[in-house]
Amino acid sequence: MASEKQQSILVTGGAGFIGTHTVLQLLNEGFKVSIIDNLDNSVEEAVDRVRDLAGRDGSRNLIFHVGDLRNKDDLEKVFSQTRFDAVIHFAGLKAVGESVAKPLRYYDNNLIGTLNLIEFMLNYGCKKLVFSSSATVYGQPEKIPCVEDFELKAMNPYGRTKLFLEEIARDVQKADPEWRIILLRYFNPVGAHISGQIGEDPKGIPNNLMPYIQQVAVGRLPELNIFGHDYPTKDGSAIRDYIHVMDLADGHIAALRKIFTADDIGCTAYNLGTGCGTSVFEMVAAFEKASGKKIPIKLCPRRPGDATAVYASTEKAEKELGWKARYGVEEMCRDQWNWASKNPWGYHSQP
Ligand code: NAD
Ligand code: WQD
């Protein structure tokens, strides 16, 4: 049997934010990696930078396919070229607001793309899957920390795609117990690789807090809107569980090791968070400290649909995956600023 070091992993959406960081760690760990990405929300330059960071040996183990999971010809090309031991499935659309305005775009891309992927995995005999789920499946949790066996809810079409796909994964595994599926529920991924060469580069005005702060810091946006300062929290702003993207990447390696070594996985979910809650004001202060930049703020009403406080219970991942986040808010802001200051326009050299 091939040693774990030589296993081949298909990474869908591997040119994106979490995908690039995870692919780099996979290459560093000696895996062979194929990416399929349609570059809808990413650029090929990101993959080139991963190659550079992985060095000669690592980059030899990386194949990049531009392709769309909704296109079966694209999937056929990828699956007929390599025999995969497992798939990490990041590819999907993720903007909550856009999903409310364009629900069909989300259902089409996220659901059809995943159904096609599962069909090809079955046809080619690969039944090991790590799927990107989200803390969004907890809706507005009544209790915190969020524990994996909480009742699941969705607040918007994006969240519903994650909820439906979790259910589909559970049904697929129930019907065929040979499947081993891990659903990873990420909390709020932020930060960047320590080199500052890869990071998050959203198209248009950022939806999420940290990319927004980053763009204010480099002068692309004038000020940060703080959505809600009257929450029943220590400083009135909402609380989230921010997690360093390198910790997330390592969480995927831990999930793969579990999938390769334990035969009783079934289809199971793990939270990937730090277990610590940080308020919006605290995040702004931490970023100001890391960057030495003043972030002008504007106090605004609450954003509809936002929860007061969300953070993870980390016990299950610690116990069963042997994984625990290593980085705190200080490192998240340090690395995000390093990426931002070296790449004020992301992967582009100018506006
Ligand atoms: P991202 O947009 O940076 O990466 C997703 C990648 O998938 C992009 O490169 C995009 O071009 C690609 N893609 C989209 N649809 C595709 C398709 N049909 N075929 C091929 N490629 C396609 O997003 P990310 O932040 O890296 O998120 C990765 C995954 O994690 C997503 O499924 C997202 O829903 C989930 N997630 C993200 C967050 C977050 O805040 N970043 C939180 C929880 C869950
Ligand atoms: C964090 C906090 C905002 C922007 C979202 C998705 C979730 C998951 C992670 C994918 C909130 C406040 C934000 C701004 C602000 N993604 N904020 N000004 O909403 O916790 O989660 O990303 O699965 O599904 O919903 O993250 O970064 O948007 O917001 O004050 O300009 O920052 O109100 O309290 P959120 P976020």
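Just follow the structure's listing: the first ligand is 1, and inside any ligand the first atom is 1. Keep in mind the model is a prediction, meaning the values are calculated, not measured.
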According to the interplanar angle, ranging from 0 to 90°, do the rings of [X] and [Y] count as parallel (below 30°), tilted (30 to 60°) or perpendicular (above 60°)?
{"X": "His21", "Y": "Phe17", "answer": "perpendicular"}
{"X": "Tyr106", "Y": "Tyr158", "answer": "perpendicular"}
{"X": "His89", "Y": "Phe131", "answer": "tilted"}

Using a 4.0 Å cutoff against the non-hydrogen atoms of [X], which atoms of ligand 2 qualify?
{"X": "Asn225", "answer": "14 (C), 15 (C), 18 (N), 30 (O), 31 (O)"}
{"X": "Asn207", "answer": "4 (C), 28 (O)"}
{"X": "Val96", "answer": "6 (C), 25 (O)"}
{"X": "Thr136", "answer": "24 (O)"}
{"X": "Ala238", "answer": "34 (O)"}
{"X": "Tyr158", "answer": "10 (C), 23 (O), 24 (O)"}
{"X": "Tyr242", "answer": "1 (C), 2 (C)"}
{"X": "Ile226", "answer": "30 (O)"}

Check ligand 1 against [X] and write out every atom of the ligand that is under 4.0 Å from a heavy-atom position of the residue.
{"X": "Lys162", "value": "31 (C), 32 (O), 33 (C), 34 (O)"}
{"X": "Ala91", "value": "7 (O), 13 (N), 16 (C), 21 (N), 22 (C)"}
{"X": "Ser133", "value": "43 (C), 44 (C)"}
{"X": "Asp40", "value": "11 (O)"}
{"X": "Ser132", "value": "29 (C), 30 (O), 32 (O), 35 (C)"}
{"X": "Gly67", "value": "19 (N), 20 (C)"}
{"X": "Pro189", "value": "38 (C), 39 (C), 40 (O), 41 (N), 42 (C)"}
{"X": "Leu39", "value": "11 (O)"}

In the protein, what heavy atom is nearest to [atom], and what distance, to one decimal place, separates them?
{"atom": "atom 8 (C) of ligand 1", "answer": "Asp37 OD2, 3.5 Å"}
{"atom": "atom 19 (N) of ligand 1", "answer": "Leu69 N, 3.0 Å"}
{"atom": "atom 26 (O) of ligand 1", "answer": "Ile18 N, 2.8 Å"}
{"atom": "atom 22 (C) of ligand 1", "answer": "Asn38 OD1, 3.1 Å"}
{"atom": "atom 29 (C) of ligand 1", "answer": "Phe90 O, 3.2 Å"}
{"atom": "atom 22 (O) of ligand 2", "answer": "Asn208 ND2, 3.2 Å"}
{"atom": "atom 35 (P) of ligand 2", "answer": "Asn188 ND2, 3.5 Å"}
{"atom": "atom 4 (O) of ligand 1", "answer": "Gly16 CA, 3.5 Å"}
{"atom": "atom 19 (O) of ligand 2", "answer": "Arg303 NH2, 2.8 Å"}
{"atom": "atom 14 (C) of ligand 1", "answer": "Gly92 N, 3.4 Å"}
{"atom": "atom 3 (C) of ligand 2", "answer": "Asp306 OD2, 3.4 Å"}
{"atom": "atom 34 (O) of ligand 1", "answer": "Tyr158 OH, 2.7 Å"}

If you measure every N/O of [X] against every N/O of ligand 2, is any gap under 3.5 Å?
{"X": "Leu209", "result": "yes"}
{"X": "Ser134", "result": "yes"}
{"X": "Phe227", "result": "yes"}

* Taking heavy atoms and a distance under 4.0 Å, where does Lys94 meet ligand 2: side chain, backbone, both or neither? -> neither

* Heavy-atom contacts under 4.0 Å between Tyr138 and ligand 2: side chain, backbone, both, or neither? -> neither

* Asked: Do ligand 1 and Asn208 have nitrogen or oxygen atoms that lie under 3.5 Å from each other?
  -> no

* Asked: Is Ile36 close to ligand 1, meaning an N/O of one under 3.5 Å from an N/O of the other?
  -> no

For residues [X] and [Y], is any side-chain donor paired with an opposing acceptor at under 3.5 Å?
{"X": "Tyr347", "Y": "Asp48", "value": "no"}
{"X": "Asp37", "Y": "Ser42", "value": "yes"}
{"X": "Arg49", "Y": "Asn343", "value": "yes"}
{"X": "Glu282", "Y": "Thr278", "value": "no"}

Any carboxylate oxygen within less than 4.0 angstrom of a Lys/Arg side-chain nitrogen, looking at [X] and [Y]?
{"X": "Arg83", "Y": "Asp85", "answer": "yes"}
{"X": "Arg105", "Y": "Asp108", "answer": "no"}
{"X": "Lys162", "Y": "Glu166", "answer": "no"}
{"X": "Glu200", "Y": "Lys94", "answer": "yes"}
{"X": "Asp250", "Y": "Arg326", "answer": "yes"}
{"X": "Asp306", "Y": "Arg303", "answer": "yes"}
{"X": "Glu148", "Y": "Lys316", "answer": "no"}
{"X": "Asp264", "Y": "Lys258", "answer": "no"}
{"X": "Lys293", "Y": "Glu288", "answer": "no"}
{"X": "Glu167", "Y": "Arg170", "answer": "yes"}

* To do: Check whether more than 12 heavy atoms from other residues, nucleotides or ligands sit under 6.0 Å from atom NZ of Lys174, and answer yes or no.
  => no

* Quick check, are the ring centers of His65 and Phe79 under 6.0 angstrom apart? -> no

* Apply side-chain hydrogen bond (donor to acceptor under 3.5 Å, both in side chains) to the pair Asn271 and Tyr138, showing each step before the final yes or no. => CA-CA 11 Å; Asn271 290 336; Tyr138 295 115; 2.6 Å; yes

* Determine whether any heavy atom of Tyr186 lies closer than 4.0 Å to an atom of ligand 2. => no

* Structure fact -> Looking only at non-hydrogen atoms, the one of Tyr186, Tyr242, Phe187 nearest atom 30 (O) of ligand 1 is Tyr186

